[in-house]
Amino acid sequence: MLEVYFGNMLEEVIGEKGLSLSQIEGIREKVLSAHKQIEERKWKELAFLDLGSQKTTEIKKIARNIRETSEHFVILGIGGSAIGPRAILESLSPLHNYRGKPKIHIFDNIDPRTIATMLEVIDPAKTTVNVVTKSGNTAETIATFMLLWDKIEKAVGSDVVNRFILTTNPEKGIIRSLIKEYNIKNLEIPTTIVGRYSVLTTGLLLAEVAGISSDELLRGAYEITEKCKSGELWENPAYIFSSLLYLMSTEEGRNINVIMPYADGLKAFSDWFCQLWAESLGKLGFGITPYPSVGTTDQHSQLQLWMEGPEDKVVIFIKIKDYGRDIMIPMVLSDKEGFNCLAGRSLNELMSTALQSTEHSLSNASKPNVTIAIPILDAYHVGQLFQFFEIATAFLGFLFGVNPFNQPWVETGKNNLYGALGKPGFQTRNEQIEKMLKDSVCWKI
Ligand code: PA5
(Lines give C-alpha, C1' and ligand atoms only; values in the text may rest on other atoms or scores of the structure.)
Protein backbone atom coordinates (compact mmCIF):
# COMPACT_ATOMS: atom_id res chain seq x y z
CA MET A 1 0.00 0.00 0.00
CA LEU A 2 1.15 3.55 -0.83
CA GLU A 3 2.45 5.49 2.18
CA VAL A 4 3.16 9.18 2.80
CA TYR A 5 6.18 10.13 4.92
CA PHE A 6 5.58 13.73 5.88
CA GLY A 7 7.94 14.29 8.85
CA ASN A 8 10.30 16.41 6.74
CA MET A 9 7.54 19.02 6.33
CA LEU A 10 7.36 19.62 10.10
CA GLU A 11 9.19 22.12 12.27
CA GLU A 12 9.62 19.40 14.86
CA VAL A 13 11.79 17.42 12.43
CA ILE A 14 13.52 19.90 10.08
CA GLY A 15 13.48 23.01 12.25
CA GLU A 16 12.54 26.59 11.47
CA LYS A 17 11.31 26.18 7.90
CA GLY A 18 8.97 23.32 8.73
CA LEU A 19 5.30 23.71 9.66
CA SER A 20 4.18 23.87 13.26
CA LEU A 21 1.40 21.65 14.58
CA SER A 22 -0.64 24.74 15.39
CA GLN A 23 -0.44 25.89 11.75
CA ILE A 24 -1.81 22.51 10.68
CA GLU A 25 -4.53 22.44 13.32
CA GLY A 26 -5.41 25.98 12.26
CA ILE A 27 -6.91 24.80 8.94
CA ARG A 28 -9.19 22.15 10.44
CA GLU A 29 -12.35 23.96 9.38
CA LYS A 30 -11.17 24.30 5.79
CA VAL A 31 -10.21 20.61 5.80
CA LEU A 32 -13.64 19.65 7.05
CA SER A 33 -15.40 21.75 4.43
CA ALA A 34 -13.20 20.31 1.64
CA HIS A 35 -13.86 16.80 2.95
CA LYS A 36 -17.62 17.42 2.91
CA GLN A 37 -17.48 18.41 -0.74
CA ILE A 38 -15.90 15.06 -1.50
CA GLU A 39 -17.94 12.92 0.88
CA GLU A 40 -21.22 14.43 -0.25
CA ARG A 41 -20.16 14.35 -3.91
CA LYS A 42 -20.91 18.05 -4.33
CA TRP A 43 -19.25 17.96 -7.80
CA LYS A 44 -20.29 15.50 -10.50
CA GLU A 45 -16.65 15.40 -11.65
CA LEU A 46 -15.78 13.49 -8.46
CA ALA A 47 -17.02 10.46 -10.43
CA PHE A 48 -13.34 9.60 -10.98
CA LEU A 49 -13.46 8.20 -7.42
CA ASP A 50 -15.57 5.30 -8.75
CA LEU A 51 -13.34 4.31 -11.67
CA GLY A 52 -11.73 1.53 -9.61
CA SER A 53 -14.95 -0.51 -9.90
CA GLN A 54 -15.11 -0.61 -13.72
CA LYS A 55 -15.54 -3.83 -15.69
CA THR A 56 -12.83 -4.51 -18.27
CA THR A 57 -14.27 -7.37 -20.35
CA GLU A 58 -14.91 -5.29 -23.49
CA ILE A 59 -11.50 -3.57 -23.32
CA LYS A 60 -9.74 -6.92 -22.99
CA LYS A 61 -11.59 -8.28 -26.02
CA ILE A 62 -10.58 -5.31 -28.18
CA ALA A 63 -6.99 -5.49 -26.91
CA ARG A 64 -6.74 -9.21 -27.73
CA ASN A 65 -7.80 -8.49 -31.28
CA ILE A 66 -5.24 -5.68 -31.63
CA ARG A 67 -2.47 -7.92 -30.31
CA GLU A 68 -3.38 -10.64 -32.79
CA THR A 69 -3.71 -8.42 -35.85
CA SER A 70 -1.38 -5.44 -35.50
CA GLU A 71 2.29 -4.68 -35.62
CA HIS A 72 1.77 -1.06 -34.63
CA PHE A 73 -0.68 0.41 -32.16
CA VAL A 74 -0.88 4.20 -32.40
CA ILE A 75 -2.54 6.47 -29.85
CA LEU A 76 -3.49 9.98 -30.94
CA GLY A 77 -4.53 12.44 -28.25
CA ILE A 78 -3.31 15.49 -26.38
CA GLY A 79 -3.17 16.68 -22.75
CA GLY A 80 -5.17 14.44 -20.45
CA SER A 81 -5.96 12.12 -23.34
CA ALA A 82 -2.32 11.15 -23.95
CA ILE A 83 -0.11 11.86 -20.94
CA GLY A 84 -1.81 9.31 -18.71
CA PRO A 85 -1.59 6.41 -21.20
CA ARG A 86 2.10 7.25 -21.74
CA ALA A 87 2.70 7.20 -17.96
CA ILE A 88 1.18 3.70 -17.77
CA LEU A 89 3.29 2.40 -20.65
CA GLU A 90 6.59 3.85 -19.47
CA SER A 91 6.19 2.89 -15.83
CA LEU A 92 5.05 -0.68 -16.42
CA SER A 93 6.54 -1.76 -19.74
CA PRO A 94 9.92 -0.04 -20.04
CA LEU A 95 11.51 0.03 -23.52
CA HIS A 96 8.33 -1.66 -24.73
CA ASN A 97 9.06 -1.39 -28.44
CA TYR A 98 12.35 -3.27 -28.10
CA ARG A 99 10.58 -6.21 -26.50
CA GLY A 100 6.86 -6.15 -27.17
CA LYS A 101 4.44 -6.60 -30.03
CA PRO A 102 2.61 -4.62 -31.22
CA LYS A 103 4.92 -1.63 -31.06
CA ILE A 104 3.14 1.23 -29.30
CA HIS A 105 3.44 4.88 -30.36
CA ILE A 106 1.76 7.79 -28.60
CA PHE A 107 1.53 11.10 -30.48
CA ASP A 108 0.39 14.16 -28.59
CA ASN A 109 1.51 16.93 -30.89
CA ILE A 110 1.32 18.07 -34.47
CA ASP A 111 5.03 18.68 -34.96
CA PRO A 112 5.42 17.99 -38.70
CA ARG A 113 8.83 16.34 -38.30
CA THR A 114 7.53 13.82 -35.78
CA ILE A 115 4.30 13.09 -37.63
CA ALA A 116 5.97 12.82 -41.06
CA THR A 117 8.50 10.38 -39.63
CA MET A 118 5.79 8.33 -37.95
CA LEU A 119 3.92 8.04 -41.26
CA GLU A 120 7.10 6.70 -42.85
CA VAL A 121 7.84 4.24 -40.07
CA ILE A 122 4.51 2.47 -39.53
CA ASP A 123 3.13 -0.15 -41.88
CA PRO A 124 -0.41 1.20 -42.49
CA ALA A 125 -1.77 -2.22 -43.39
CA LYS A 126 -0.73 -3.59 -39.99
CA THR A 127 -1.63 -0.61 -37.80
CA THR A 128 -4.49 -0.03 -35.38
CA VAL A 129 -5.14 3.51 -34.20
CA ASN A 130 -6.83 4.60 -31.00
CA VAL A 131 -7.98 8.22 -31.23
CA VAL A 132 -8.58 9.59 -27.74
CA THR A 133 -10.44 12.85 -27.27
CA LYS A 134 -12.89 13.52 -24.48
CA SER A 135 -14.54 16.46 -26.25
CA GLY A 136 -14.28 14.79 -29.64
CA ASN A 137 -13.33 18.11 -31.20
CA THR A 138 -9.68 18.93 -30.45
CA ALA A 139 -8.02 20.30 -33.59
CA GLU A 140 -4.57 18.74 -33.08
CA THR A 141 -5.99 15.26 -32.49
CA ILE A 142 -8.42 15.55 -35.39
CA ALA A 143 -5.59 16.69 -37.71
CA THR A 144 -3.37 13.68 -36.95
CA PHE A 145 -6.44 11.42 -37.14
CA MET A 146 -7.12 12.67 -40.69
CA LEU A 147 -3.52 12.02 -41.70
CA LEU A 148 -3.61 8.47 -40.44
CA TRP A 149 -7.08 7.79 -41.89
CA ASP A 150 -5.79 8.85 -45.29
CA LYS A 151 -2.61 6.76 -45.01
CA ILE A 152 -4.46 3.64 -43.88
CA GLU A 153 -7.31 4.05 -46.37
CA LYS A 154 -4.79 4.17 -49.20
CA ALA A 155 -3.37 0.86 -47.97
CA VAL A 156 -6.52 -1.09 -47.08
CA GLY A 157 -9.42 0.71 -48.78
CA SER A 158 -12.80 0.59 -47.07
CA ASP A 159 -11.41 -1.65 -44.31
CA VAL A 160 -10.00 1.59 -42.85
CA VAL A 161 -13.07 1.81 -40.60
CA ASN A 162 -11.96 -1.37 -38.82
CA ARG A 163 -8.48 -0.02 -38.08
CA PHE A 164 -9.68 2.71 -35.74
CA ILE A 165 -10.99 2.69 -32.18
CA LEU A 166 -12.41 6.04 -31.18
CA THR A 167 -12.44 6.91 -27.48
CA THR A 168 -14.67 9.87 -26.70
CA ASN A 169 -17.66 11.10 -24.70
CA PRO A 170 -20.98 9.33 -25.33
CA GLU A 171 -22.94 12.32 -26.56
CA LYS A 172 -21.36 14.98 -28.71
CA GLY A 173 -18.45 16.14 -30.85
CA ILE A 174 -17.41 15.44 -34.42
CA ILE A 175 -15.79 12.14 -33.46
CA ARG A 176 -19.10 10.91 -32.03
CA SER A 177 -20.84 11.84 -35.31
CA LEU A 178 -18.27 9.87 -37.27
CA ILE A 179 -18.76 6.81 -35.05
CA LYS A 180 -22.47 6.90 -35.88
CA GLU A 181 -21.97 7.45 -39.59
CA TYR A 182 -19.35 4.73 -40.17
CA ASN A 183 -20.21 2.43 -37.26
CA ILE A 184 -16.65 2.59 -35.93
CA LYS A 185 -15.58 0.63 -32.84
CA ASN A 186 -15.52 2.97 -29.86
CA LEU A 187 -14.96 3.30 -26.13
CA GLU A 188 -16.58 5.86 -23.88
CA ILE A 189 -15.13 8.43 -21.53
CA PRO A 190 -18.05 9.23 -19.22
CA THR A 191 -19.17 12.87 -19.46
CA THR A 192 -18.40 13.38 -15.76
CA ILE A 193 -14.74 12.39 -16.08
CA VAL A 194 -12.48 15.39 -16.78
CA GLY A 195 -9.59 14.88 -19.25
CA ARG A 196 -6.73 15.01 -16.76
CA TYR A 197 -8.60 12.71 -14.34
CA SER A 198 -9.32 10.17 -17.10
CA VAL A 199 -6.20 7.99 -17.15
CA LEU A 200 -8.08 5.07 -15.60
CA THR A 201 -10.46 5.08 -18.56
CA THR A 202 -8.29 6.16 -21.50
CA GLY A 203 -5.23 4.19 -20.38
CA LEU A 204 -6.89 0.79 -19.97
CA LEU A 205 -6.88 -0.27 -23.62
CA LEU A 206 -3.22 0.63 -24.00
CA ALA A 207 -2.46 -1.26 -20.78
CA GLU A 208 -4.04 -4.47 -22.06
CA VAL A 209 -2.41 -4.11 -25.49
CA ALA A 210 0.95 -3.77 -23.74
CA GLY A 211 0.30 -6.80 -21.53
CA ILE A 212 -0.30 -4.74 -18.37
CA SER A 213 -3.22 -5.81 -16.18
CA SER A 214 -5.98 -3.19 -16.28
CA ASP A 215 -7.67 -5.02 -13.40
CA GLU A 216 -4.61 -4.51 -11.21
CA LEU A 217 -4.49 -0.79 -12.06
CA LEU A 218 -8.13 -0.51 -11.06
CA ARG A 219 -7.74 -2.62 -7.91
CA GLY A 220 -4.96 -0.30 -6.76
CA ALA A 221 -7.13 2.76 -7.46
CA TYR A 222 -10.07 1.23 -5.60
CA GLU A 223 -8.04 0.37 -2.51
CA ILE A 224 -6.33 3.75 -2.18
CA THR A 225 -9.72 5.45 -2.58
CA GLU A 226 -10.94 3.42 0.39
CA LYS A 227 -7.83 4.43 2.36
CA CYS A 228 -8.43 8.12 1.58
CA LYS A 229 -12.04 8.22 2.77
CA SER A 230 -11.55 9.36 6.34
CA GLY A 231 -12.44 12.97 7.22
CA GLU A 232 -9.79 12.93 9.95
CA LEU A 233 -6.79 14.81 8.62
CA TRP A 234 -4.18 12.72 10.42
CA GLU A 235 -5.66 9.46 9.13
CA ASN A 236 -6.09 10.38 5.47
CA PRO A 237 -2.84 10.25 3.43
CA ALA A 238 -4.19 12.41 0.57
CA TYR A 239 -5.58 15.03 2.94
CA ILE A 240 -2.43 15.39 5.03
CA PHE A 241 -0.28 15.57 1.88
CA SER A 242 -2.41 18.31 0.32
CA SER A 243 -2.89 20.23 3.57
CA LEU A 244 0.86 20.49 4.14
CA LEU A 245 1.45 21.67 0.56
CA TYR A 246 -1.43 24.12 0.93
CA LEU A 247 0.15 25.63 4.06
CA MET A 248 3.57 25.72 2.46
CA SER A 249 2.05 27.68 -0.42
CA THR A 250 -0.25 30.06 1.42
CA GLU A 251 1.77 30.66 4.60
CA GLU A 252 5.38 30.02 3.62
CA GLY A 253 5.42 31.23 0.01
CA ARG A 254 6.54 27.85 -1.34
CA ASN A 255 4.68 27.90 -4.64
CA ILE A 256 6.82 25.43 -6.55
CA ASN A 257 6.44 21.67 -6.10
CA VAL A 258 9.25 19.58 -7.51
CA ILE A 259 8.15 16.01 -8.16
CA MET A 260 11.08 13.64 -8.09
CA PRO A 261 10.46 9.94 -8.55
CA TYR A 262 13.54 7.78 -8.20
CA ALA A 263 12.64 5.75 -11.30
CA ASP A 264 13.11 6.38 -15.01
CA GLY A 265 9.78 4.69 -15.60
CA LEU A 266 8.01 7.45 -13.68
CA LYS A 267 9.31 10.38 -15.78
CA ALA A 268 6.10 10.36 -17.80
CA PHE A 269 4.21 10.03 -14.54
CA SER A 270 5.86 13.31 -13.44
CA ASP A 271 4.57 14.97 -16.63
CA TRP A 272 1.12 13.60 -15.89
CA PHE A 273 1.31 15.03 -12.36
CA CYS A 274 2.42 18.41 -13.75
CA GLN A 275 -0.64 18.71 -15.96
CA LEU A 276 -2.96 17.64 -13.14
CA TRP A 277 -1.45 20.10 -10.66
CA ALA A 278 -1.12 23.05 -13.07
CA GLU A 279 -4.43 22.84 -14.87
CA SER A 280 -6.50 21.96 -11.80
CA LEU A 281 -5.08 24.46 -9.31
CA GLY A 282 -3.87 27.45 -11.33
CA LYS A 283 -6.90 29.68 -10.84
CA LEU A 284 -7.99 32.96 -9.23
CA GLY A 285 -4.39 33.86 -8.40
CA PHE A 286 -3.80 30.52 -6.62
CA GLY A 287 -1.86 27.53 -7.79
CA ILE A 288 1.43 25.75 -7.31
CA THR A 289 3.90 25.48 -10.17
CA PRO A 290 4.80 21.82 -10.73
CA TYR A 291 8.31 21.00 -11.79
CA PRO A 292 9.21 17.56 -13.13
CA SER A 293 12.41 15.88 -12.16
CA VAL A 294 13.87 12.38 -11.76
CA GLY A 295 16.35 10.79 -9.37
CA THR A 296 19.19 10.21 -9.34
CA THR A 297 19.70 12.07 -12.66
CA ASP A 298 18.55 15.50 -11.47
CA GLN A 299 20.71 15.38 -8.35
CA HIS A 300 23.37 16.15 -10.95
CA SER A 301 21.48 19.06 -12.48
CA GLN A 302 18.90 20.59 -10.12
CA LEU A 303 19.87 19.87 -6.54
CA GLN A 304 22.22 22.84 -6.33
CA LEU A 305 19.30 25.21 -6.97
CA TRP A 306 17.08 23.51 -4.42
CA MET A 307 19.77 23.73 -1.75
CA GLU A 308 20.92 27.30 -2.29
CA GLY A 309 18.37 28.98 -4.51
CA PRO A 310 15.18 30.83 -3.50
CA GLU A 311 13.15 29.39 -0.62
CA ASP A 312 10.13 28.76 -2.82
CA LYS A 313 10.01 24.97 -3.26
CA VAL A 314 8.85 21.75 -1.70
CA VAL A 315 10.34 18.53 -3.07
CA ILE A 316 7.99 15.56 -3.42
CA PHE A 317 9.96 12.32 -3.67
CA ILE A 318 8.48 9.11 -5.01
CA LYS A 319 10.32 6.20 -3.51
CA ILE A 320 10.16 2.65 -4.77
CA LYS A 321 11.26 0.05 -2.29
CA ASP A 322 11.58 -2.74 -4.84
CA TYR A 323 11.99 -2.11 -8.58
CA GLY A 324 10.70 -5.55 -9.47
CA ARG A 325 14.09 -6.26 -11.01
CA ASP A 326 17.56 -5.85 -9.66
CA ILE A 327 21.08 -6.19 -10.91
CA MET A 328 24.30 -6.66 -9.00
CA ILE A 329 27.40 -4.67 -9.83
CA PRO A 330 30.00 -7.35 -10.58
CA MET A 331 33.19 -7.81 -8.55
CA VAL A 332 35.33 -6.51 -11.44
CA LEU A 333 38.18 -4.10 -10.63
CA SER A 334 37.14 -4.51 -7.01
CA ASP A 335 40.70 -4.34 -5.70
CA LYS A 336 40.91 -0.67 -6.76
CA GLU A 337 39.97 2.36 -4.72
CA GLY A 338 36.67 3.91 -5.94
CA PHE A 339 35.53 0.67 -7.59
CA ASN A 340 35.63 -1.41 -4.40
CA CYS A 341 32.76 0.47 -2.68
CA LEU A 342 30.47 -0.26 -5.66
CA ALA A 343 31.46 -3.86 -6.39
CA GLY A 344 28.95 -6.42 -5.13
CA ARG A 345 26.21 -3.89 -4.47
CA SER A 346 22.83 -3.86 -6.18
CA LEU A 347 21.45 -0.97 -8.27
CA ASN A 348 18.33 -1.10 -6.05
CA GLU A 349 20.56 -0.40 -3.05
CA LEU A 350 22.36 2.45 -4.87
CA MET A 351 19.06 4.10 -5.79
CA SER A 352 17.77 3.90 -2.18
CA THR A 353 21.02 5.22 -0.78
CA ALA A 354 21.05 8.15 -3.22
CA LEU A 355 17.45 9.04 -2.33
CA GLN A 356 18.20 8.87 1.39
CA SER A 357 21.18 11.16 1.00
CA THR A 358 19.22 13.77 -1.01
CA GLU A 359 16.40 13.62 1.54
CA HIS A 360 18.96 14.09 4.27
CA SER A 361 20.73 17.01 2.55
CA LEU A 362 17.43 18.87 2.14
CA SER A 363 16.07 18.12 5.61
CA ASN A 364 19.37 18.94 7.27
CA ALA A 365 19.26 22.37 5.61
CA SER A 366 15.62 22.80 6.74
CA LYS A 367 14.23 22.46 3.20
CA PRO A 368 10.74 20.89 3.32
CA ASN A 369 10.26 17.63 1.48
CA VAL A 370 7.75 14.79 1.53
CA THR A 371 8.03 11.19 0.33
CA ILE A 372 5.37 9.04 -1.30
CA ALA A 373 6.54 5.43 -1.02
CA ILE A 374 5.31 2.36 -2.84
CA PRO A 375 6.65 -1.11 -2.08
CA ILE A 376 6.99 -2.22 -5.71
CA LEU A 377 6.55 -0.66 -9.16
CA ASP A 378 3.66 -2.75 -10.48
CA ALA A 379 0.21 -2.09 -11.94
CA TYR A 380 -1.51 -2.25 -8.56
CA HIS A 381 0.72 0.49 -7.09
CA VAL A 382 0.76 2.64 -10.23
CA GLY A 383 -3.06 2.56 -10.02
CA GLN A 384 -2.69 3.79 -6.43
CA LEU A 385 -0.33 6.59 -7.45
CA PHE A 386 -2.75 7.91 -10.09
CA GLN A 387 -5.75 7.85 -7.81
CA PHE A 388 -3.86 9.22 -4.80
CA PHE A 389 -2.70 12.28 -6.74
CA GLU A 390 -6.16 12.83 -8.24
CA ILE A 391 -7.79 12.79 -4.79
CA ALA A 392 -5.04 15.05 -3.42
CA THR A 393 -5.56 17.49 -6.33
CA ALA A 394 -9.32 17.74 -5.92
CA PHE A 395 -8.91 18.20 -2.16
CA LEU A 396 -6.20 20.85 -2.57
CA GLY A 397 -8.40 22.68 -5.07
CA PHE A 398 -11.17 22.78 -2.48
CA LEU A 399 -8.73 24.10 0.16
CA PHE A 400 -7.72 26.90 -2.22
CA GLY A 401 -11.38 27.51 -3.01
CA VAL A 402 -10.98 26.95 -6.75
CA ASN A 403 -12.78 24.62 -9.17
CA PRO A 404 -10.23 21.81 -9.71
CA PHE A 405 -12.18 20.41 -12.66
CA ASN A 406 -12.41 23.20 -15.23
CA GLN A 407 -9.77 24.66 -17.56
CA PRO A 408 -11.22 27.82 -19.10
CA TRP A 409 -7.96 28.96 -20.67
CA VAL A 410 -7.32 25.60 -22.26
CA GLU A 411 -10.77 25.87 -23.86
CA THR A 412 -10.02 29.44 -24.97
CA GLY A 413 -6.81 28.23 -26.61
CA LYS A 414 -8.72 25.51 -28.49
CA ASN A 415 -11.39 27.97 -29.62
CA ASN A 416 -8.83 30.55 -30.74
CA LEU A 417 -7.14 27.96 -32.91
CA TYR A 418 -10.45 27.05 -34.54
CA GLY A 419 -11.25 30.77 -34.90
CA ALA A 420 -7.95 31.38 -36.66
CA LEU A 421 -8.72 28.46 -38.98
CA GLY A 422 -12.05 30.08 -39.86
CA LYS A 423 -14.30 27.41 -38.33
CA PRO A 424 -17.88 28.73 -38.29
CA GLY A 425 -19.12 29.80 -34.87
CA PHE A 426 -15.63 30.63 -33.54
CA GLN A 427 -14.28 34.12 -33.24
CA THR A 428 -11.94 34.87 -36.11
CA ARG A 429 -8.64 36.68 -35.60
CA ASN A 430 -9.36 39.97 -33.88
CA GLU A 431 -7.74 43.39 -33.89
CA GLN A 432 -5.72 42.65 -30.76
CA ILE A 433 -4.02 39.69 -32.42
CA GLU A 434 -3.36 41.73 -35.58
CA LYS A 435 -1.77 44.46 -33.41
CA MET A 436 0.37 41.90 -31.56
CA LEU A 437 1.61 40.50 -34.88
CA LYS A 438 2.41 44.02 -36.17
CA ASP A 439 4.22 44.96 -32.95
CA SER A 440 6.32 41.82 -33.03
CA VAL A 441 7.54 42.76 -36.51
CA CYS A 442 8.49 46.28 -35.33
CA TRP A 443 10.31 45.19 -32.22
CA LYS A 444 12.96 42.81 -33.44
CA ILE A 445 16.67 42.90 -34.15
O1 PA5 B 1 -7.60 18.14 -18.84
C2 PA5 B 1 -8.12 18.54 -19.86
O3 PA5 B 1 -9.35 18.70 -19.94
C4 PA5 B 1 -7.32 18.86 -21.11
O5 PA5 B 1 -5.96 18.76 -20.90
C6 PA5 B 1 -7.70 17.89 -22.21
O7 PA5 B 1 -7.38 16.58 -21.81
C8 PA5 B 1 -6.97 18.21 -23.52
O9 PA5 B 1 -7.18 19.53 -23.90
C10 PA5 B 1 -7.46 17.30 -24.64
O11 PA5 B 1 -8.85 17.42 -24.80
P12 PA5 B 1 -9.71 16.31 -25.49
O13 PA5 B 1 -9.50 15.03 -24.75
O14 PA5 B 1 -11.10 16.81 -25.41
O15 PA5 B 1 -9.21 16.19 -26.89
Side-chain angles (χ1 to χ4, degrees), residues 43-48 51 74-88 106-111 115 129-149 164-179 184 186-206 268-283 287-288 290 292 386-387 389-394 396-397 402-421 423 426:
W43 303 71
K44 62 182 184 326
E45 294 89 346
L46 285 165
F48 77 83
L51 291 177
V74 175
I75 294 193
L76 305 176
I78 198 163
S81 292
I83 305 182
R86 180 179 288 129
I88 292 180
I106 302 173
F107 295 99
D108 62 353
N109 205 349
I110 41 174
D111 181 327
I115 300 299
V129 184
N130 181 203
V131 181
V132 184
T133 166
K134 164 75 192 300
S135 62
N137 283 328
T138 303
E140 293 93 326
T141 306
I142 305 287
T144 48
F145 169 38
M146 290 163 78
L147 283 161
L148 267 159
W149 181 279
F164 282 79
I165 296 138
L166 307 184
T167 303
T168 191
N169 79 82
E171 288 160 13
K172 46 187 189 190
I174 56 174
I175 291 291
R176 178 56 54 193
S177 320
L178 211 67
I179 291 169
I184 304 175
N186 62 92
L187 291 168
E188 283 184 6
I189 309 173
T191 38
T192 46
I193 302 294
V194 174
R196 58 195 173 278
Y197 294 79
S198 71
V199 53
L200 293 175
T201 61
T202 55
L204 299 183
L205 179 62
L206 167 136
F269 182 88
S270 292
D271 291 339
W272 173 84
F273 163 83
C274 288
Q275 185 202 2
L276 187 68
W277 224 230
E279 203 170 314
S280 304
L281 305 174
K283 285 154 201 172
I288 303 179
F386 283 127
Q387 193 79 340
F389 279 103
E390 288 179 20
I391 297 169
T393 305
L396 184 48
V402 302
N403 174 353
F405 303 119
N406 68 358
Q407 57 287 325
W409 284 98
V410 175
E411 302 307 331
T412 306
K414 289 183 184 186
N415 294 343
N416 286 346
L417 178 56
Y418 270 131
L421 294 171
K423 187 174 173 181
F426 292 81

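One-based numbering, in listed order, for ligands and for the atoms of each. As a basis for the values below, the full set of heavy atoms in this structure was taken, side chains included, without hydrogen atoms, waters or symmetry mates.
Every ring pair (Phe, Tyr, Trp, His ring centres under 6.0 Å) that Trp272 has, sequence neighbours left out, goes to Phe269, Phe386. Every residue two or more places apart in sequence or in another chain that forms a ring pair (Phe, Tyr, Trp, His ring centres under 6.0 Å) with Phe145 is listed here: Trp149, Phe164.
Atoms CG and OG1, from Leu281 and Thr393 in turn, are 6.0 Å apart once rounded to the nearest 0.5 Å.
Within 4.0 Å of ligand 1, protein heavy atoms belong to Ile78, Gly79, Gly80, Ser81, Thr133, Lys134, Ser135, Thr138, Gly195, Arg196, Gln275, Glu279, Gln407, Val410, Lys414, listed by chain and number.
Listed by first and then second residue, the salt bridge (charged side-chain N to carboxylate O under 4.0 Å, His left out) pairs that reach into residues 189-206 are Arg196-Glu279, sequence neighbours excluded.
For the residue pair Ser81 and Lys134, no side-chain donor N or O sits within less than 3.5 Å of a side-chain acceptor on the partner. Using modelled atom types and a 3.5 Å distance limit, the side chains of Asn130 and Thr167 yield a donor-acceptor pair.
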